Amino acid sequence: MAPAGEVYVVTRSGTVLRYAADGTQVGTWSASTSSRSIAVDSTGAVYVGDDANRRVTVFDGGGTLLRTIGAPGSGDGQFGTGLWAGLRA
């Protein structure tokens with residue numbers, strides 16, 4: 001849940017859905033079709049785990065891409081398979 005009570009969901013097709021605290025859908029954007037996890041930090045940044053591309057994409061609450069974290073591999077800053085994003089606010 002985001003700071004203002006919004007809830008974000010990532011679908012199996014890679015669409016991010018944003019819902020207001022009252023349950024009304026208030027936004028949508030496309031992430032990767034291999035997105036399987038989603039988390040929101042205390043500032044409202046949305047982190048989407050992209051399993052096939054082995055990276056985390058970071059968006060603002062409106063869906064603007066802020067940055068990409070990671071790449072495929074086993075070195076520093078790289079992710080293997082089974083990528084799941086998790087945050088502690």
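In this text the structure is predicted, and so the values were computed from the model without any measurement. Values below: all heavy atoms of this structure, side chains included; hydrogens, waters and symmetry mates excluded.
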How many angstroms lie between [atom1] in [X] and [atom2] in [Y], if you round to the nearest 0.5 Å?
X	Y	atom1	atom2	result
Arg12	Ser34	CZ	OG	12.0 Å
Asn53	Phe79	CG	CZ	12.5 Å
Arg67	Phe59	CZ	CZ	11.5 Å
Trp29	Thr64	CH2	OG1	8.5 Å

Does Asp22 have any side chain to side chain contact (heavy atoms under 4.5 Å, CB included) partners at least two apart in sequence or in another chain, and if so, which?
Ala20, Thr24
Going by side chain to side chain donor-acceptor pair (under 3.5 Å), name the residues that satisfy it together with Thr43, two or more places apart in sequence or in a different chain.
Asp41
On a heavy-atom basis, which atom in Tyr8 and which in Arg18 lie closest, and how many Å separate them?
OH-NE, 3.3 Å
Looking only at heavy atoms, what is the nearest atom pair of Ser35 and Ala31, with distance?
OG-CB, 3.6 Å
Go through the structure and list residues passing ring pair (Phe, Tyr, Trp, His ring centres under 6.0 Å) with Tyr19, not counting sequence neighbours.
none
Min side-chain heavy-atom separation Thr28-Thr15 under 4.5 Å
yes
So do Val16 and Val48 actually touch side chain to side chain, heavy atoms under 4.5 Å?
yes
Is it true that Arg36 and Asp51 have a side-chain N and a carboxylate O under 4.0 angstrom from each other?
no
